2 protein chains.
Amino acid sequence: MTSTDRQPAERPAPRPTRQRRAVAQVLTTFADFRSAQEIHELLGQQGDPVGLATVYRTLQLMADLGEVDVLRSEDGEAIYRRCSDTHHHHLVCRSCGATVEVEGPAVERWTSGIAADHGYTDVAHTLEIFGTCPACRG
Amino acid sequence: MTSTDRQPAERPAPRPTRQRRAVAQVLTTFADFRSAQEIHELLGQQGDPVGLATVYRTLQLMADLGEVDVLRSEDGEAIYRRCSDTHHHHLVCRSCGATVEVEGPAVERWTSGIAADHGYTDVAHTLEIFGTCPACRG
DNA sequence: TCCATTTTGACAATCATTCTCAACTGAGTG
DNA sequence: CACTCAGTTGAGAATGATTGTCAAAATGGA
């Protein structure tokens, strides 16, 4: 082997290609969750076209590396966003879609506590709140 | 109008057909989450064939009525199971699927509080916790 | 029983996601 | 710089869950 030892499970180390840089870059342009299709669309619009399959592959790669969060929208679509420093949830109007980002240490603590009580590790959670916003309350 | 007043949004009241009874019945034969396809399969095996489309429709109907819980497996498939009458959430093992029902007044209070703070009404929420269960921890 | 309405089921249509595979690229070497 | 090779890409086919279509069948009430 060469001068530098590698990790036991020698993974080839992803190459920094134009496409990967582009995906990483768009991810910085929004703070909420977007589908792979939307991200592919955004890339095209900003003149940095990346094949849809590549967008999927890149997003998956980044998810494996822990660089993006993956969630499932209510209709089963995978949605992604850069792994933000602040973890938060969404309060969504079921009528007009208006979204408010909310956060609550209490919930975070509660979920990890519950999980720990049952011996679960590597805990993550999803929480969305739906309601009718003031503007839609005719 | 006739003798009995109806709800403002008059919904026709689902009919108790053989197919619906069959779906409701298989749901009692297992305690964990199954996909619509699996349920359709089970029905066929026990000699109560129900069309796949009908299984989907029935499951959706029951979900709307709050008679079943719907979740998304990690690969985006919708999975169902009969639910207890009490409002609760799920702690799911992302490896083997083992599920624990959990509840927490604190979370309920927190979500309605947050929603109220922002003027949202008719509030509902979804919360799932994912982790690795003790049995799946090497 | 007869009718209006709801349901069903076989099959087509969607749609997100993954697979295939030949062409292309980046990084290191001589 | 030319060369090589494993890692990548993209267009399009393939997959698979879910939904839509619509004529035929079942249900509940008059």
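Every value quoted in this text rests on a predicted model; they were computed, and no experiment measured them. A note on names: the letters A, B, ... follow the listed sequences, proteins ahead of strands, and every chain is numbered from 1.
- Side-chain atoms of A:Ala78 lie closest to C:dT17 of the nucleotides C:dT17, C:dT7, D:dA17.
- Between B:Tyr56 and D:dT19 there is no side-chain N or O to OP1 or OP2 distance below 4.0 Å.
- In this model, a side-chain donor or acceptor of A:Arg57 finds a partner on the base of D:dG10 within 3.5 Å.
- For A:Gln19, a side-chain nitrogen or oxygen approaches OP1 or OP2 of D:dG10 to under 4.0 Å.
- For A:Gln60 and C:dT18, the shortest distance from a side-chain N or O to OP1 or OP2 is below 4.0 Å.
- Ring geometry, B:His89 versus B:His125: the interplanar angle falls from 30° to 60°, so the pair is classed tilted.
- Checked against the 6.0 Å centroid threshold, A:Tyr56 and A:His40 do not count as a close aromatic pair.
- A donor-acceptor pair is defined here as one N or O able to donate and one able to accept, closer than 3.5 Å; such a pair exists between the side chain of B:Glu38 and the backbone of B:Ser35.
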Contact letters for nucleotides 25-30 of chain D, in which S counts primed atoms plus P, OP1 and OP2 and B counts the base, heavy atoms under 4.0 Å: -BBS--
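- The pair B:Arg18-B:Asp48 meets the salt-bridge criterion, with a side-chain N (NZ, NE, NH1 or NH2) lying under 4.0 Å from an Asp/Glu carboxylate O.
- What separates NE2 of B:His40 from C1' of D:dT18 is a distance of 13 Å, to the nearest Å.
- No side-chain donor-acceptor contact under 3.5 Å links A:Arg81 to the backbone of A:Asp69.
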